[in-house]
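On a predicted model such as this, the values are computed, not experimentally measured, just so you know. Here is how names work: the chains are called A, B, and so on, in the same order as the sequence lines, proteins then strands, and each is numbered from 1. What you see below is based on every heavy atom in this structure, not just the backbone, and it leaves out hydrogens, waters and symmetry mates.
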Amino acid sequence: MGVFEKLQNLDRRILYVLLAVVVSAPLLIRPSRHPGIVLSEVQSAYNAVDRVSSDKIAIISTVWGAGTEAENGPQTEAVMRHMFQKGIKFVVLSWDPVGAEITYRDGSRIAKELGKHYGVDWVHLGYRPGPIYAVVSGMAEDFQRVIDHDRFNKKLKDIPLTRDVRSHRQIGVVVEITPSGTATTWIAYFTQPYGIPLVYCPTAVMAAEAYPYLDSGQMAGMLNGVIGAAQYETLIGLGNSPTYAAAAAWSLSAAHIYIIALIFLGNLGFLTMRSRNRVGGRAGR
Amino acid sequence: MLNQAIKTISDNATGITIWCGALCTFAIYSVLYKENKFYRLFEHIFIGLAAGYGVYMTWSIVLRPKWWEPMVHNGQWYWVFAAVLGSMFYFMYSKRHVWISRIMFGLFMGLAAGGMFREFYELIFPQLGASMKPILNQSAADNGVIPNVFYTLQVCVFYAILIACMVYFFFSFEHRNRVVSSAASAGRWFLMIGFGAIFGATVMGRMTLFIGRFNFLAQEWAPQVSPGLSHYWVWVAVAAGIVLLAVILKRHPNSSNE
Amino acid sequence: MGESNQFANQAVWIVEGLIAFFILHKILSARRGQNLFIRRIAGLNVLDEAVGRATEMGKPMLFAPGLTGLDIVGLQAMAILSYVVRHAAKYGTRVIVTVADAVLYTVAEEVAKDAFAAEGAPEQFNSEDIRFLSERQFAWASGVVGILHREQVATAFYIGYFYAESLILAENGQMVGAIQVAGTPATTQIPFFLAACDYTIIGDEYYAASAYLSREPTLLGSLVGQDYGKLLMLGLIVLGAVGVTVGATWPHSGAYELFKNYFLSFFPRGMW
Amino acid sequence: MRAALHSLRIWLAEPRDGFALAAFIAGASILGIAFLVMLCGIPNRYRKFVVMSVTFVAGLFLSLEFLLPRDVVSAQGLVFSIGAIGLIISLGFAAKSAAARPRDIRGLGIWLAMTVASTAVAYFASSLRAIAVPLTTLSKSLTTARPAVGDLAMIISSFAVLLGILNLFQIHGRAVSRRTQGWYNSAAFFVAFFAILIVGLVMDWRQSQLAHLEPGSPAFTTVSRANTINSNLFQILFRGFLTSLESTMFSLIAFYIVSAAYRAFRIKSAEAVLMMVAAVIIMLGLVPIGASITSFLPESGIFSNLRLERISYWLLIGPNMAVQRAIGFGIAVGALAMGLRIWLSLERGSFFDRQL
């Protein structure tokens with residue numbers, strides 16, 4: 001078998017192992033250098049969160065579960081850290097039971113690190129099953145009744161942060177962190193009708209679809225996957241600390257070049273095979 | 001004896017948690033090698049845990065505080081009717097009266113359908129507005145850097161692509177007339193750019209998920225095995241070994257590779 | 001900006017009223033027997049070939065409606081399922097349907113039973129082939145992967161709404177050597193289906209496919225009505241573009257003032 | 001009469017306790033069961049009507065809440081819009097009938113008359129006052145009802161959580177009872193299901209106990225020790241198994257992309273080339289190493305636009321934005337059509353069609 005044929009049918013398990021090797025270096029060296037450029041939608045996301053007035057609170061709506069924690073986790077932590085640093089009071093509302101547990105654990109870790117207190121600086125409202133449009137539209141009119149209690153079943157009216165949050169009037173920004181298309185529900189029932197800025201933190205796969213909403217101003221900013229989180233970290237002063245997002249950004253670079261090489265390699269063989277028009281089942285399938 | 005065992009388990013829970021995490025990771029990744037019993041067992045454990053956790057959270061966060069407690073502790077007896085309505089879902093399993101469950105599905109689908117007018121307005125009207133971009137000599141170009149002609153070029157590109165893609169998705173007339181058919185085929189080409197953008201962004205996202213998992217193995221699990229293990233050169237050695245093994249395995253490929 | 005655009009205004013009543021009228025008028029006239037034209041999208045020829053392939057190989061087909069429940073996309077997937085099953089019934093080929101929603105599970109079972117009966121082969125219907133795997137996305141995907149490998153499926157249809165699991169299915173279908181036809185309005189998964197499947201029905205073509213297949217008056221009328229609606233939106237954009245261009249060249253002219261008050265102000269440009 | 005009704009409502013809403021509560025709950029349950037039996041008794045031919053009317057009324061809630069006018073001015077705007085729609089539609093039909101049947105003067109006459117009527121409606125809209133009051137009060141009350149509906153929708157839909165579960169129990173229960181091949185997997189399913197459910201419920205029970213006990217008392221310390229053991233077990237099940245399994249499942253895709261990139265993505269057509277070129281540019285443009293490939297170009301000026309990250313960003317906010325918006329418009333009109341069909345039960349799909 002010539003070199004070409006060997007390159008043509010590499011065992012896919014070798015490819016898998018090579019992926020692990022390609023990705024591992026930055027994760028172990030833990031570079032602290034963050035990506036140089038900051039996209040304008042990440043900057044406008046930062047501005048939207050930064051501009052929340054002190055008499056209003058922020059809603060961090062997390063739809064993600066353990067499956068996309070690698071992408072949505074750093075985004076959630078970056079936004080929480082920014083709000084803690086700026087003293088913006090926020091509530092976390094989770095639409096995935098597993099995500100509710102993870103976001104609470106991350107939130108309390110960052111709160112402890114920055115000396116913030118549960119119930120005063122932040123509240124975790126726990127998991128709500130939805131239907132999302134019904135809960136969100138109801139919440140806009142009467143926050144206390146629809147949400148009613150936090151993750152520890154403590155009534156909102158007994159918690160200092162949420163005691164006087166009556167409706168959409170007390171909400172300064174909504175940060176939607178999601179692996180699926182739930183942002184349109186927030187736009188339709190909460191942020192667009194009442195003129196509240198929406199910061200959108202999708203997994204990268206959902207990012208391409210969101211640019212029309214950025215162009216029309218229905219979204220105030222966007223963090224595009226873990227790269228968006230890494231760029232956001234440079235804006236909140238983590239520019240040179242070895243965070244997971246920074247390491248992931250460099251691992252991603254390596255992984256992308258590896259994928260492009262594979263596509264090139266695969267098609268190289270395919271084209272030469274076709275040009276030599278050899279009869280063979282492999283090329284046909 | 002039993003609670004002694006439970007006591008020791010819970011004492012070093014963090015260690016056990018990380019070891020179980022690594023075990024699950026390797027169990028699921030074993031399907032990359034070949035569909036096997038080990039993978040299927042953990043697949044079923046996953047389905048069971050996911051289902052069980054869903055039921056627990058629904059009871060603990062919604063049904064108990066918002067239905068059970070008001071009914072039993074606060075004396076609001078009329079919450080029983082919510083259970084009656086809720087039970088109607090389960091007529092789906094009865095042979096003769098399955099239609100009663102359709103009442104509930106009709107109720108929830110109707111409620112959702114009712115939102116269509118507001119959703120169309122809030123999602124589409126601002127985008128219609130944003131699509132009305134002035135073509136000629138924008139008097140105050142948005143940002144001074146791009147001279148006027150670039151702005152006009154960009155707006156023309158925007159209109160060409162938007163209209164061509166919309167024409168592609170017309171179904172009620174044959175694309176016979178030349179202008180329409182060429183617009184539709186141009187539309188399909190522009191769609192490819194859009195899907196290329198989604199493809200590129202998606203690859204980035206998917207790679208991140210594996211990076212996250214590898215990060216767990218490297219940063220949390222490796223130190224559990226032994227403190228030195230999280231060092232870089234150890235992993236290079238392990239990787240080289242695996243690649244070697246895979247190449248050797250290539251000598252006698254097994255069936256599932258084809 | 002707050003309260004003003006929270007409720008309907010003249011533009012909403014007129015535009016949405018017209019679109020609703022187009023759709024309802026076309027549906028009702030279709031149901032009164034008027035013959036509406038829908039062009040045959042290329043994807044449908046591929047559906048027929050794919051069923052033929054499975055029959056030749058004598059292996060079962062897989063129909064995966066994704067994670068859709070009893071919603072818009074799920075109903076349309078059932079219309080396409082009915083077409084595929086009726087085709088399969090003609091050649092006595094098995095169709096395995098993997099569902100991720102308990103509600104859609106009972107619907108899929110009835111759709112398959114009706115389709116086999118409609119082709120005069122009720123005995124071919126096997127309730128074991130309609131399988132509810134799990135409501136969790138990835139548990140369902142791994143269940144489908146297991147079936148792909150165990151049953152050595154000849155043709156795989158991925159018709160419905162898909163999320164991250166689309167590539168797992170397409171890749172494993174590839175490994176098993178099945179012909180794969182995908183159809184989904186989920187724009188985020190279309191690129192992967194385009195790259196890995198033999199054919200992909202894109203976005204709105206998904207709705208056109210089920211309308212064309214079932215020749216069902218409501219689907220046909222709805223689709224033609226939607227075309228009119230899209231034409232209306234295109235007209236609004238062109239009108240707006242002309243108006244705004246005029247405004248850019250003569251910003252203080254009376255006409256532009258009129259245009260702004262009676263047209264442009266109804267399309268809020270968003271806040272940021 | 002109204003006073004009696006009012007006092008009855010007060011009496012019914014009165015919270016009960018102890019024996020009275022049990023009696024009321026029992027009474028309400030019997031009432032509920034009677035309601036269900038009555039539902040079962042509805043003859044076949046009325047059943048579809050019941051489902052259709054429930055769906056229609058449920059659909060009315062959010063649509064009226066959005067569409068109905070909020071004040072007199074918007075009420076006049078609504079009547080004006082109805083006139084305008086009538087005008088446009090009758091003009092359209094007039095043109096269509098003139099084109100299709102030029103000699104049919106009577107048909108054309110009807111539509112022209114409709115045109116005149118609609119313009120009249122539109123013109124006189126601004127003088128109407130009376131109709132405003134009932135419409136605006138209705139729309140305002142619907143908005144105030146939205147939280148209650150949102151709340152109830154969440155609670156009642158939570159009861160449906162067992163739907164999928166019963167199905168899984170059926171499948172895995174059969175596998176275990178018949179000892180079919182691989183039955184131990186189904187057994188593992190049940191073990192996992194009940195393990196996390198029971199540990200979770202016990203954790204809640206312990207926490208509610210702790211809330212009532214006075215800290216520092218001996219009972220408190222024993223319960224809190226049991227609680228820590230229980231929550232440690234929960235962490236093992238939750239973070240050890242559930243989250244690890246789900247995130248590993250998701251990460252499988254990275255591998256499938258790798259093998260798909262190598263084996264599945266073939267440049268078969270010119271379109272695939274265009275898609276792949278756009279994909280590669282975006283992939284390189286977003287990551288740090290990719291951007292450094294063209295870092296030799298100047299930071300600003302014309303040539304800076306040729307830098308990879310600039311091209312990639314332009315692709316995203318330019319062509320990609322236009323494509324996504326075009327697709328979005330199509331899907332939005334499709335959703336409006338589907339909403340109308342579900343709301344008015346026009347849906348002829350195999351599901352609604354059968355005799356209920």
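- Contact annotation for B:Leu23: neither backbone nor side-chain heavy atoms come within less than 4.5 Å of a heavy atom of chain D.
- Contacts of B:Phe91 with chain D are made by side-chain atoms alone, with heavy-atom separations under 4.5 Å and no backbone atom involved.
- Chain D forms more heavy-atom pairs under 4.5 Å with one residue of B:Phe42, B:Tyr29, B:Phe190 than with any other, namely B:Tyr29.
- Residue D:Met52 does not touch chain B at all, counting heavy-atom pairs closer than 4.5 Å.
- Ranked by heavy-atom pairs shorter than 4.5 Å toward chain B, the options D:Leu340, D:Thr228, D:Ile198 are led by D:Leu340.
- If you measure heavy-atom distances from D:Leu284 to chain B, you find no contacts under 4.5 Å at all.
- If you measure heavy-atom distances from D:Phe194 to chain B, you find no contacts under 4.5 Å at all.
- Residues D:Arg325 and B:Phe158 form a side-chain contact, since some pair of their non-hydrogen atoms from C-beta on lies under 4.5 Å apart.
- The side-chain heavy atoms of D:Met154 and B:Lys66, taken from C-beta on, include a pair separated by under 4.5 Å.
- Both the backbone and the side chain of D:Ser157 come within contact range of chain B, each with at least one heavy atom under 4.5 Å from a heavy atom of that chain.
- Only the side chain of B:Val62 has a heavy atom closer than 4.5 Å to any heavy atom of chain D.
- In this pair, D:Phe159 and B:Trp67 present their aromatic rings perpendicular. The plane angle is above 60°, beyond the 30 to 60° band.
- Using a 4.5 Å cut-off between heavy atoms, B:Met204 touches chain D through its side chain atoms alone.
- Looking at D:Leu62, both its backbone and its side chain come within 4.5 Å of chain B, counting heavy atoms on both sides.
- Contacts between D:Leu152 and chain B at a heavy-atom distance below 4.5 Å involve the side chain alone, from C-beta outward.
- Of the atoms belonging to D:Leu201, heavy atoms from both backbone and side chain fall under 4.5 Å from chain B.
- Of the listed residues (D:Leu233, D:Leu31, D:Ile229), the one with the most heavy-atom contacts under 4.5 Å to chain B is D:Ile229.
- Contact annotation for B:Trp19: neither backbone nor side-chain heavy atoms come within less than 4.5 Å of a heavy atom of chain D.
- Both the backbone and the side chain of B:Leu41 have a heavy atom closer than 4.5 Å to some heavy atom of chain D.
- Only the side chain of D:Ile165 comes within contact range of chain B, judged by heavy atoms closer than 4.5 Å.
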Test log, rule side chain to side chain donor-acceptor pair (under 3.5 Å), inputs D:Thr248 and B:Arg213: CA-CA 7 Å; D:Thr248 312; B:Arg213 207 59 221 155; 3.2 Å; yes
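- B:Trp77 places a side-chain N or O within 3.5 Å of a backbone atom of D:Leu12 that can act as its donor or acceptor partner.
- A pairwise comparison of heavy atoms in B:Leu209 and D:Ser251 identifies O-CB, 3.6 Å as the closest pair.
- Looking at B:Phe169, the atoms closer than 4.5 Å to chain D (heavy atoms on both sides) all sit in the side chain, from C-beta outward.
- Counting heavy-atom pairs under 4.5 Å between each of D:Leu39, D:Ile33, D:Ile42, D:Asn320 and chain B puts D:Leu39 at the top.
- Both the backbone and the side chain of B:Phe195 come within contact range of chain D, each with at least one heavy atom under 4.5 Å from a heavy atom of that chain.
- Heavy atoms of B:Tyr78 lying under 4.5 Å from chain D belong exclusively to its side chain.
- Using a 4.5 Å cut-off between heavy atoms, B:Ile103 touches chain D through backbone and side chain atoms alike.
- Ring centroids of B:Phe210 and D:Phe255 are separated by less than 6.0 Å, placing the two rings close together.
- For a residue to count as touching a neighbouring chain, one of its non-hydrogen atoms must lie under 4.5 Å from one of that chain's; by this rule B:Met71 touches chain D with backbone and side chain alike.
- Smallest separation of non-hydrogen atoms from B:Ala51 and D:Leu168: CB-CD1, 4.2 Å.
- Contact of B:Ala112 with chain D is not made at all, since no heavy-atom distance falls under 4.5 Å.
- For the set B:Lys7, B:Met57, B:Glu119, B:Arg188, the count of heavy-atom pairs under 4.5 angstrom toward chain D peaks at B:Arg188.
- By the 30° and 60° cut-offs, the orientation of the rings of B:Tyr53 relative to D:Phe234 is tilted.
- For D:Asn167, the parts lying near chain B are the backbone and the side chain together; criterion is any non-hydrogen pair under 4.5 Å.
- Between D:Glu246 and B:Leu49, every side-chain heavy-atom pair lies at or beyond the 4.5 Å cut-off.
- Using a 4.5 Å cut-off between heavy atoms, D:Leu67 touches chain B through its side chain atoms alone.
- Your options are D:Leu316, D:Val50, D:Val149, D:Val191, and the one with the most heavy-atom pairs under 4.5 Å with chain B is D:Val50.
- Most heavy-atom pairs under 4.5 Å with chain B, from the set D:Val280, D:Ile282, D:Leu245, D:Leu286: that is D:Leu245.
- Note on D:Ala188, D:Ser158, D:Gly32: by heavy-atom pairs under 4.5 Å with chain B, the leading option is D:Ser158.
- Both the backbone and the side chain of D:Val161 come within contact range of chain B, each with at least one heavy atom under 4.5 Å from a heavy atom of that chain.
- Residue contact with chain D, scored on non-hydrogen atoms closer than 4.5 Å, involves the side chain of B:Val80 exclusively.
- When every heavy atom of D:Ala322 is checked against every heavy atom of B:Ile161, the shortest pair comes out as CB-CG2, 3.6 Å.
- Interface remark: D:Leu162 contributes backbone and side-chain atoms alike to the contact with chain B (heavy atom separation under 4.5 Å).
- Both the backbone and the side chain of D:Val333 come within contact range of chain B, judged by heavy atoms closer than 4.5 Å.
- For the ring-ring contact (aromatic ring centres under 6.0 Å, His included) with D:Phe66, the lone residue among B:Phe117, B:Phe120, B:Tyr121 that qualifies is B:Tyr121.
- Minimum heavy-atom separation, D:Asp204 to B:Tyr56: OD1-OH, 2.9 Å.
- A pairwise comparison of heavy atoms in B:Val72 and D:Leu21 identifies O-CD2, 3.2 Å as the closest pair.
- At a 4.5 Å heavy-atom cutoff, the contact between D:Leu315 and chain B is made by side-chain atoms alone.
- Interface residue B:Thr25: backbone and side-chain heavy atoms are both found under 4.5 Å from chain D.
- Listed here is the closest heavy atom pair of B:Gly196 and D:Ala278: CA-CB, 4.1 Å.
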